[in-house]
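Single-structure report; data block below.
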Amino acid sequence: MSITSDSEPKARHSVGQSMKRKEDPRLIQGRGRFLDDIVLPNMLHLAIVHSPYAHARIVKIDKSAALAVPGVKAVLTGEDLTAAGLAWIPTFHGYDKQMVLAVGKVLYQYQEVAGVVATSREIANDAAELVVVEYEQLDPIVDPFVARRDGNILRDDRENKTNHIYHWEVGKRAEADAALASSEVKVKQRIYFQRCHPAPLEPCGAIADMNGASGRLTLYLTSQAPHAHRTVVSLVTGIPEDKIHVISPDIGGGFGNKVPVYAGYVVSAVGSVVLGVPVKWVETRTENLTTTGFARDYHMDVEIGASKAGKLTALKVTTVADHGAFDAAADPTKYPAGMFGVVTGSYDFPVAFTELDAYFTNKAPGGIAYRCSFRVTEASYAIERGMDLLAGELKMDPAELRSLNFLKKEQFPYQSPLGFEYDSGDYETTLRKALDRIGYTDLRREQAERRQRGELMGIGLSTFTEVVGAGPGRLFDIMGIKMFDSAEIRIHPTGSGIVRTGTRHQGQGHETTWAQIVAEELGLDPQNLRVEEGDTDTAPYGLGTYASRSTPVAGAALVKAAQRIRERARKVAAHLLEAAEDDIDWIDYKFQVKGVPGKTIGMKEIAFAAYTNPGPGNEPGLEATYYYDPPNMTFPHGAYVAVVDVDRATGATKVRRFVAIDDCGTVINPMIVEGQIHGGLTEGFAIAFMQEITFDENGNHLNPNFTDYLLPTSLETPAWETGNTVTPSPHHPIGAKGVGESPNVGSPAAFVNAVMDALAPLGIKHIDMPLTREKVWRAIRDSGA
Amino acid sequence: MKVALTVNGTAFERDVEPRMLLAYFLREELGLTGTHVGCDTSSCGCCVVLFDGERAVKSCTMFAVMADGHEITTVEGLAQGGKLHPLQQAFWDCHGLQCGFCTPGMMLTSVAFLKKNPHPSEGEIREALSGNLCRCTGYQNIVKAVQQAAGELAAEPVAEPVAVS
């Protein structure tokens with residue numbers, strides 16, 4: 001993809017280059033260090049006992065047979081944890097609490113009931129099967145619409161005897177209702193964004209190592225947010241935070257799955273404290289899919305009003321959210337439904353209103369931001385599907401309808417009716433580029449011809465806007481901790497350096513892009529800037545990597561820290577160039593005496609001088625730290641076009657082409673950005689066509705492994721065509737907006753819109769994801785066509 | 001049970017439980033942690049190793065004792081004499097990896113595949129890799145990497161990937 005920016009014509013030597021990744025040499029040679037690769041002396045292994053029932057009272061737990069197995073060191077239950085004060089821990093935002101090991105009753109199938117610690121993984125697993133748990137089954141609720149009747153209260157531990165968790169709303173209800181009532185054209189559709197699971201290929205895990213002599217607990221965690229986890233562990237256990245050391249090693253994919261705290265983490269820590277030796281827990285794939293953070297599960301009623309000419313008049317979205325057994329959704333404290341307020345999307349709605357009610361059910365807890373900035377994916381899907389339904393009702397081309405209602409370039413910064421200030425965007429240009437690239441006019445002509453022949457071909461658009469980079473401290477916090485992030489840069493005497501941030505990458509390429517950012521600011525070689533993340537003893541405090549926040553927040557902190565380095569270096573430069581500090585300019589990656597182009601000095605020379613000859617009154621050394629509180633979120637956008645052929649006889653869908661034009665502002669490394677887009681589109685494809693966590697009426701989890709929870713392989717994944725436009729963020733120091741999630745947020749609607757467009761001649765208006773062959777076939781059959 | 005086998009060119013002999021999977025044997029007995037385990041159902045392919053130099057096998061689906069008398073190549077044995085294998089180089093060049101967890105399995109599957117089919121089409125590559133899951137890359141750059149490596153391997157045949165000890 002090309003990277004050009006009219007606003008920044010200056011020469012660049014690092015930012016904007018497709019530099020090969022610095023993390024790759026170890027990963028391609030099998031020398032990465034993932035959690036399960038770590039082996040500590042005398043380490044024991046933890047296996048978890050899970051509930052076979054979705055809702056049951058625990059009558060009795062008999063540990064004796066398990067304890068009798070040679071090699072078993074401990075069997076821990078909820079009762080044991082109660083004694084330690086750790087049977088329950090607060091959920092992500094602190095509004096609810098969740099069981100670590102079940103106490104009294106189990107609330108979902110596969111819930112953690114006991115933990116067995118033994119000398120090997122095999123012995124622990126064998127003994128886990130010998131823990132005898134006697135249950136008394138209770139009626140489960142698997143449907144949030146049943147839960148809301150409150151006929152069967154699931155959480156009897158809570159003060160309020162209701163399954164209703166909270167109500168949230170934003171916007172103007174009365175005005176939206178009135179505007180809808182008087183609109184010439186209206187569409188209303190129930191749209192379900194199914195429960196799905198991020199399923200990174202490396203499962204979650206922990207190694208807890210309590211050193212009885214020093215009183216220090218070292219926790220190796222598959223953690224996207226190691227500092228936040230350190231603070232949580234301290235708050236929950238009472239261990240002083242200086243006595244907790246969290247290390248997040250190489251992570252084999254996260255996608256939001258590795259943000260929460262899981263039972264295995266806590267139980268391994270308790271095991272290590274009790275037994276005085278390290279305890280490792282690595283979950284199985286089944287444990288990953290059944291107990292750790294799911295995503296979505298939103299039932300959304302989308303209503304859009306418009307004039308006959310297609311001008312939007314109002315939007316109303318009413319959602320029922322299924323949160324499972326505990327309210328463990330990963331959302332910032334003041335945003336229980338995350339950034340769902342971005343549901344007005346890229347369009348100029350004069351009035352909008354959205355409300356949401358969340359309910360408990362007998363399913364695993366979660367609601368994590370699966371490659372998504374807190375419910376943006378749900379919102380984006382709702383509005384982009386809604387726009388196509390409206391286009392259908394108006395018998396208008398969906399591209400034309402979007403164009404007619406886009407926010408215009410000159411409307412930014414734009415105050416959305418649901419409370420966001422969009423920083424920048426140029427939706428029309430991005431859409432035009434996507435339509436030109438795919439050959440939209442020709443495709444519509446081809447489609448018309450095929451329809452004549454009875455063939456089902458569809459073209460689907462999605463012109464989404466995201467809100468990422470949480471976030472400004474005045475609005476965003478998790479457990480009260482503001483969502484800033486941080487960077488620390490140390491330049492060594494010989495001009496190389498180490499760069500640390502409070503984020504923790506899981507494949508996004510920070511080791512490369514962070515070096516590029518710092519290199520660009522300081523005129524140093526990015527190959528000699530080592531990036532290190534994930535160790536709370538060395539990295540500055542930050543809230544971690546998720547919600548596309550690393551580049552918008554930590555990336556900005558890096559620029560600011562580098563600029564601090566530059567200011568310190570300027571003093572040294574003044575000393576070395578024998579000029580007043582005010583007379584020193586930073587030009588073309590070098591310091592120069594004003595008006596004397598020959599009198600320059602580079603950062604490498606300055607670095608050496610900073611340690612050997614800093615000059616009178618100048619602080620020696622060359623280091624800086626910056627904690628960056630972003631003034632606003634960033635708003636990446638994109639225009640996606642999918643072309644899908646549907647087989648009338650079998651319901652099989654085939655994505656023929658997919659063009660993605662993304663605008664994530666300034667691009668730091670085009671190769672990495674393109675890779676992020678490929679990956680996100682593939683996850684969007686998976687969600688649109690394959691991925692769904694399903695339950696039967698008894699709450700049995702129906703796809704607890706990769707043979708039933710389908711992920712796309714190389715065979716069915718389409719070839720992606722990518723491109724970009726560049727609309728820099730006006731408030732980010734280098735104009736970058738974040739990109740990792742855009743393709744996952746924007747693409748599901750493009751796929752579904754394409755399939756629905758293909759099925760439109762049959763009178764089919766909507767099918768909920770995933771669009772499996774069977775579902776599409778049934779819809780075609782039921783249409784009677 | 002006794003098991004004697006050659007891994008990356010070095011002979012090993014160990015006494016293991018009959019039920020020990022080859023993946024865990026490599027990881028835990030030999031400390032070769034580049035072979036990963038990502039599922040319980042033989043679906044993901046993170047654990048693929050090369051069996052007798054030519055067959056890609058999922059080492060989570062084989063007992064260690066079944067490898068008795070055989071030669072195994074893991075990701076640690078791909079580079080030769082300080083030079084990356086063309087597939088490793090291609091994965092790096094083409095941004096064929098992100099988190100890197102599936103990468104060893106992807107590369108070893110590709111090694112076996114390119115031996116059988118040195119001049120594959122894109123479709124054949126995609127089919128060959130369909131037993132290996134990747135959650136990060138969307139496969140596109142992996143396919144590109146295999147194409148690049150195929151070109152290089154065809155142009156300049158390299159020795160069997162057997163590691164120096």
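Just so we're on the same page: letters track the sequence lines, and every chain starts at 1.
In plain terms, the two heavy atoms of Gly138(B) and Thr682(A) that are nearest each other are CA-OG1, 2.9 Å. Closest heavy-atom contact between Phe255(A) and Arg135(B): CZ-O, 3.5 Å. Smallest separation of non-hydrogen atoms from Leu97(B) and Leu27(A): CD1-CB, 3.6 Å. Taking each heavy atom of Gly252(A) and Cys99(B) in turn, the nearest pair found is C-SG, 3.4 Å. Between Phe34(A) and Gly100(B), the shortest heavy-atom contact is CZ-C, 4.2 Å. The heavy-atom pair separating His95(B) from Ile672(A) by the smallest distance is NE2-CA, 3.8 Å.
Heavy-atom distances place no part of Arg33(A) under 4.5 Å from chain B, backbone and side chain included. If you measure heavy-atom distances from Val37(B) to chain A, the contacts under 4.5 Å come from the backbone alone. Looking at Phe101(B), the atoms closer than 4.5 Å to chain A (heavy atoms on both sides) sit in the backbone and in the side chain alike. Within the 4.5 angstrom heavy-atom criterion, no atom of Asn132(B) approaches chain A. For a residue to count as touching a neighbouring chain, one of its non-hydrogen atoms must lie under 4.5 Å from one of that chain's; by this rule Cys46(B) touches chain A with the side chain only. For a residue to count as touching a neighbouring chain, one of its non-hydrogen atoms must lie under 4.5 Å from one of that chain's; by this rule Pro198(A) touches chain B with the backbone only. For Arg371(A), the part sitting under 4.5 Å from any heavy atom of chain B is the side chain, from C-beta outward, and nothing else. Interface remark: Leu32(B) contributes no atoms to any contact with chain A (heavy atom separation under 4.5 Å). Residue Cys134(B) touches chain A through its backbone alone, counting heavy-atom pairs closer than 4.5 Å. With a 4.5 Å cut-off on non-hydrogen atoms, Leu681(A) does not touch chain B at all. Neither the backbone nor the side chain of Asn288(A) comes within less than 4.5 Å of any heavy atom in chain B.
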**Request:** Output, in order, the C-alpha distance, side-chain angles, deciding distance and verdict of side-chain contact (heavy atoms from CB on, under 4.5 Å) for Asp24(A) and Phe91(B).
**Result:** CA-CA 9 Å; Asp24(A) 287 1; Phe91(B) 269 69; over 6 Å; no

**Message:** Determine whether Tyr139(B) and His678(A) satisfy the following criterion, side-chain contact (heavy atoms from CB on, under 4.5 Å), listing intermediate values before the conclusion.
**Reply:** CA-CA 8 Å; Tyr139(B) 304 102; His678(A) 287 172; over 6 Å; no

**Request:** Carefully, step by step, assess Arg126(B) and Glu716(A) under the rule side-chain contact (heavy atoms from CB on, under 4.5 Å).
**Result:** CA-CA 9 Å; Arg126(B) 285 184 177 269; Glu716(A) 53 269 5; over 6 Å; no

**Derivation of the side-chain contact (heavy atoms from CB on, under 4.5 Å) call for Asp40(B) and Thr286(A)** = CA-CA 8 Å; Asp40(B) 325 317; Thr286(A) 295; 3.5 Å; yes

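Atom CD of Gln508(A) sits about 8.0 Å away from atom SG of Cys136(B), to the nearest 0.5 Å. Between the CD atom of Gln140(B) and the OG1 atom of Thr717(A) there is a distance of 9.5 Å, given to the nearest 0.5 Å. To the nearest 0.5 Å, atoms OG1 (Thr103(B)) and CD (Gln29(A)) are separated by 12.5 Å. Considering CE of Met20(B) and OG of Ser120(A), their distance stands at 9.0 Å, rounded to 0.5 Å. The distance from atom CD1 of Ile28(A) to atom CH2 of Trp92(B), rounded to the nearest 0.5 Å, is 6.5 Å. One distance of note links OG of Ser43(B) with CG of Asn705(A); it measures 7.0 Å at 0.5 Å rounding.
With chain B as the partner, the residue from Gly679(A), Ala199(A), Ser714(A), Gly507(A) showing the most heavy-atom pairs under 4.5 Å is Ser714(A). Taking chain A as the reference chain and counting heavy-atom pairs below 4.5 Å, the highest number among Leu84(B), Thr137(B), Ile142(B), Leu129(B) is found for Thr137(B). Top candidate by heavy-atom pairs under 4.5 Å with chain A, chosen from Arg27(B), Met107(B), Glu127(B), is Arg27(B).
Checked for salt-bridge contact, Asp93(B) and Arg21(A) miss the test: no charged N lies under 4.0 Å from a carboxylate O. Checked for salt-bridge contact, Glu76(B) and Arg31(A) miss the test: no charged N lies under 4.0 Å from a carboxylate O.
For the residue pair Gln506(A) / Gln98(B), no side-chain donor-acceptor distance below 3.5 Å is found, with atom types taken as modelled.
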